[in-house]
Amino acid sequence: KTLTEQDISEPIQQLEVNLLESEVAYEAVQYIISSISSKLVGQKISRTEDKNKFILNLLRETLLNIFSHPTQLDIFQEIQKKVENKIPYSIMFLGINGTGKTTTIAKMSRLLAKKGYSVILAASDTYRAGAIEQLETHSQNLGLKILKQKYGSDPAAVARDAKNYATLHNYHVVLIDTAGRIQTSKNLMEELAKIKRVSAPDLTIFVGDSLAGNDLVLQAREFLKTVGFDAIILTKMDADAKGGASISVVYATGKPIIYIGTGQGYDDIQNFDAEWLINKLLS
Amino acid sequence: RVKEGLQAAIRKLIEKDVVDEAAIKEFVRDIQRELLQADVNVKIVFDLSKSIESKLLTERTKSGVSLKERAITLLYDEMVKIMGNEAKIEPPQDKLYVILLVGIQGSGKTTFAAKLAKYFTKKGYKVGLICADIYRPGAYEQLKTLGDSVSTEVFWEKINDAVKIANDGKGYFVSKGKNLIIVDTAGRHKEERSLLDEMRRMEESISPDLTLLVIDGTIGQQAYNQALAFAKTTKVGGLVVTKLDGTAKGGGALTAAAATGSKILFVSNGERVDDIEEFSPTRFAGRILG
Ligand SMILES: Nc1nc2c(ncn2[C@@H]2O[C@H](COP(=O)(O)OP(=O)(O)OP(=O)(O)O)[C@@H](O)[C@H]2O)c(=O)[nH]1
Ligand SMILES: Nc1nc2c(ncn2[C@@H]2O[C@H](COP(=O)(O)OP(=O)(O)OP(=O)(O)O)[C@@H](O)[C@H]2O)c(=O)[nH]1
Ligand SMILES: [Mg+2]
Ligand SMILES: [Mg+2]
């Protein structure tokens, strides 16, 4: 038979609810269901074919398209290229308050150390209470060099000094921590853009909270537009996040998710696997 | 942008020549969209909108203006039912009052502890802060720095027992004549069994007069299940919603209120220790709906 709007209206409504409950942002849900609906109406399915199964396959295809849209990034390949030229590779981390930037930096340095790279930390959050002590404790736990100045000093200067130090002393990777900030604060976003201009990192990573709702899309878009970033890390997936946030943020920015945070320990970071996420969502 | 949402929906409704069933259903669908985009829990959105729809359908013979007022009143009343009216905590000044702060990682507990300390100091209470977070690197330094900025003493011990720290801190501050103690704890979520257990033991041991669940204003659909886990483990007596200086509408906090059966007491709208407000239901509803 040929599918009509009426045939699909109930399963599509149910799909909308399921996607929303799986934590996909409202705007991304509308995009997904309208893309599926337009492919469904007028579609011929055999009498025996289950229309729900047909819809599920279309959904899987639509989600895969969202995730395969960004150019994939092999971070270790990029690092290796610079390391071979004896130039340090620098990575800057940004995002709103409390998403897990500082903790993620600690996890990344563990990953890098396991691959044999030397890492230096730049304490460019010179603002928040306890920020420098927090990163310093991580550096002590992990046996890493940290570059820091006193609170209130210029974050861009700390980042630039860390890069210079890395070059002088042959460190492979510089990880730059920045203070969390709400993306609607013009001054703080300008400060961040300046830190990026001055330190010129090879890679900028947006760190988002997988528990965040529709706001994640607003955050990501504004950081992308005002400062720019190349990749995304979503944290706190161990809180039993359904993972819908990953769809929202990739749909909204076209940037790849490279890792997910799965806990508070140094090893609680995993490669992001779109197939795994889609299976999780559809289960 | 949300301001357009509800106002546009209402305008659409009353500008119709005939407010028939279809017009009401369209209005309800518009409301659902606003609430979903504000991160209110899906089931709550559908329950709330069904209730409004049935009431409006039986009253649609009203004139345009009164229908508009009716729609707004219904919506507001449904939300107040969930988040509560204004409610202030007014602890006695002549005996000890202990407030326990709990919540998910990064929600803003430590920062809020200092804000609350300043809030109560201004009201004449003698406040003490306890750092009972034994996990997060720099947790004590963070609370100590914040405590210094609001001239409030911070108690801490370099031991591996959060419950003992809280108890020792309580004893210490009692001996110092404090009448209001705020206990900051480590972030935790519903899957971390041993941390939930620590929180339960902490509450049993120090018997706080009030346990506040600190909710990140940006939280999405997970708000319900996470808040429920906290409410099952401790007696959540109130909520704090943070980071409302951003673009988050805070629907997750509304959801958490429904899940815990408790009221929103405070709003945090900035990083500074002065960025704290007593909860205002009109302002909060306005934020969600416009
Ligand atoms: N469960 C869990 N907790 C996490 C994860 N990543 C970070 N956290 C916790 O989240 C809290 C905040 O982490 P931070 O690293 O301080 O976050 P931040 O983005 O640097 O915060 P600001 O610098 O204040 O903006 C800490 O308690 C971390 O342990 C994760 O993947 N899972
Ligand atoms: N913009 C903004 N930032 C806030 C607000 N409340 C807290 N923060 C920031 O959010 C981040 C996390 O705050 P914390 O107080 O460390 O959160 P926490 O709940 O104690 O975190 P854990 O102890 O790791 O669970 C910090 O950067 C705070 O400055 C707020 O209302 N607005
Ligand atoms: Mg940080
Ligand atoms: Mg804390």
Side-chain angles (χ1 to χ4, degrees), chain A residues 16-18 20-27 29-30 96-100 102-103 106 127-141 151 179-185 188 208-219 222 235-236 238-242 244-245 248 263-264, chain B residues 1 33 36-43 45-46 104-111 114 135-149 186-192 195 216-226 229 242-243 245-252 255 270-271 273:
Chain A
E16 181 179 11
V17 170
N18 291 343
L20 288 169
E21 289 187 322
S22 301
E23 302 152 25
V24 183
Y26 187 85
E27 189 189 326
V29 173
Q30 298 314 311
I96 71 154
N97 310 72
T99 58
T102 305
T103 309
Y127 167 74
R128 202 210 70 209
I132 298 176
E133 289 87 339
Q134 183 184 6
L135 192 62
E136 198 162 16
T137 303
H138 285 310
S139 75
Q140 286 160 4
N141 292 343
Y151 283 97
R181 66 205 66 217
I182 296 288
Q183 81 280 6
T184 46
S185 160
L188 293 182
D209 188 335
S210 63
L211 297 176
N214 288 282
D215 199 60
L216 185 63
V217 167
L218 298 179
Q219 296 167 24
E222 187 60 30
T235 62
K236 308 179 199 171
D238 52 307
D240 190 27
K242 303 266 177 322
S248 317
Q264 302 186 80
Chain B
R1 199 211 58 83
R33 181 178 56 244
L36 288 170
Q37 288 185 304
D39 297 314
V40 181
N41 172 273
V42 174
K43 288 203 171 59
V45 171
F46 288 151
I104 296 176
Q105 288 89 348
S107 60
K109 300 174 289 302
T110 304
T111 313
Y135 309 101
R136 174 166 158 154
Y140 168 64
E141 287 79 359
Q142 183 184 10
L143 189 61
K144 174 83 172 75
T145 302
L146 291 167
D148 288 347
S149 75
R188 66 204 75 216
H189 58 64
K190 70 181 180 72
E191 300 300 313
E192 291 164 324
L195 288 180
D216 190 324
T218 67
I219 194 169
Q221 292 296 317
Q222 272 283 331
Y224 194 88
N225 288 337
Q226 298 287 345
T242 63
K243 306 181 197 172
D245 45 313
T247 42
K249 310 245 171 56
T255 299
E271 284 195 79
V273 285

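Convention: sequence-line order gives letters A, B, ...; per-chain numbering from 1.
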To the nearest 0.5 angstrom, please state how far the OG1 atom of A/T102 sits from the CG atom of A/L135.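 Reported to 0.5 Å precision, the distance equals 6.0 Å.
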Taking atom NZ of B/K249 and atom CG of A/L218, what is their separation to the nearest 0.5 Å?
->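 With rounding to 0.5 Å, NZ (B/K249) is 6.5 Å from CG (A/L218).
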With respect to chain B, which residue among [options] yields the maximal number of heavy-atom pairs within a distance under 4.5 Å?
| options | value |
| --- | --- |
| A/L216, A/V29, A/I182 | A/I182 |
| A/S22, A/G98, A/G180 | A/G98 |
| A/A239, A/G100, A/A241 | A/A239 |
| A/K236, A/E133, A/Q134 | A/Q134 |
| A/R181, A/H138, A/R128 | A/R128 |

Is chain B contacted by the side chain of [X], its backbone, both, or neither, given a heavy-atom distance below 4.5 Å?
| X | result |
| --- | --- |
| A/E27 | neither |
| A/L20 | both |
| A/Q219 | side chain |
| A/Q140 | neither |
| A/I96 | side chain |
| A/E136 | neither |

Just do the side-chain contact (heavy atoms from CB on, under 4.5 Å) check on A/T103 and B/R136 with the steps written out, would you?
CA-CA 10 Å; A/T103 309; B/R136 174 166 158 154; over 6 Å; no
Just so I understand: if I count every heavy-atom pair under 4.5 Å between each of [options] and chain A, which residue has the most?
| options | value |
| --- | --- |
| B/G220, B/P137, B/G138 | B/P137 |
| B/Q226, B/K43, B/Q222, B/E141 | B/Q222 |
| B/K144, B/Q105, B/K243, B/R188 | B/Q105 |
| B/T145, B/I219, B/T242 | B/I219 |

Is a side-chain donor or acceptor of [X] paired with a backbone partner of [Y] at a separation under 3.5 angstrom?
| X | Y | answer |
| --- | --- | --- |
| A/T235 | A/T99 | yes |
| A/N214 | A/Y26 | yes |
| A/E21 | B/V42 | no |
| A/Y151 | A/G130 | yes |
| B/Q221 | B/V40 | yes |

*asked:* Applying side-chain contact (heavy atoms from CB on, under 4.5 Å) to A/D238 and A/Q264, what does each step give before you reach the verdict?
replied: CA-CA 9 Å; A/D238 52 307; A/Q264 302 186 80; 5.7 Å; no
Side chain, backbone, both or neither: which part of B/L143 has a heavy atom under 4.5 Å from chain A?
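It is neither, since no heavy atom gets under 4.5 Å.
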Per-residue contact mode, B/F46 against chain A (heavy atom under 4.5 angstrom) =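 For B/F46, side-chain heavy atoms alone lie under 4.5 Å from chain A.
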| message | Please tell me whether A/E222 and A/T184 have a donor and an acceptor in their side chains that are separated by less than 3.5 angstrom. | response |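 Note: A/E222 and A/T184 side chains miss the donor-acceptor criterion.
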task = Identify which one of B/T218, B/D216, B/I104 satisfies the side chain to side chain contact (heavy atoms under 4.5 Å, CB included) criterion when paired with A/L211.
result =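 In the set B/T218, B/D216, B/I104, the residue that makes a side chain to side chain contact (heavy atoms under 4.5 Å, CB included) with A/L211 is B/I104.
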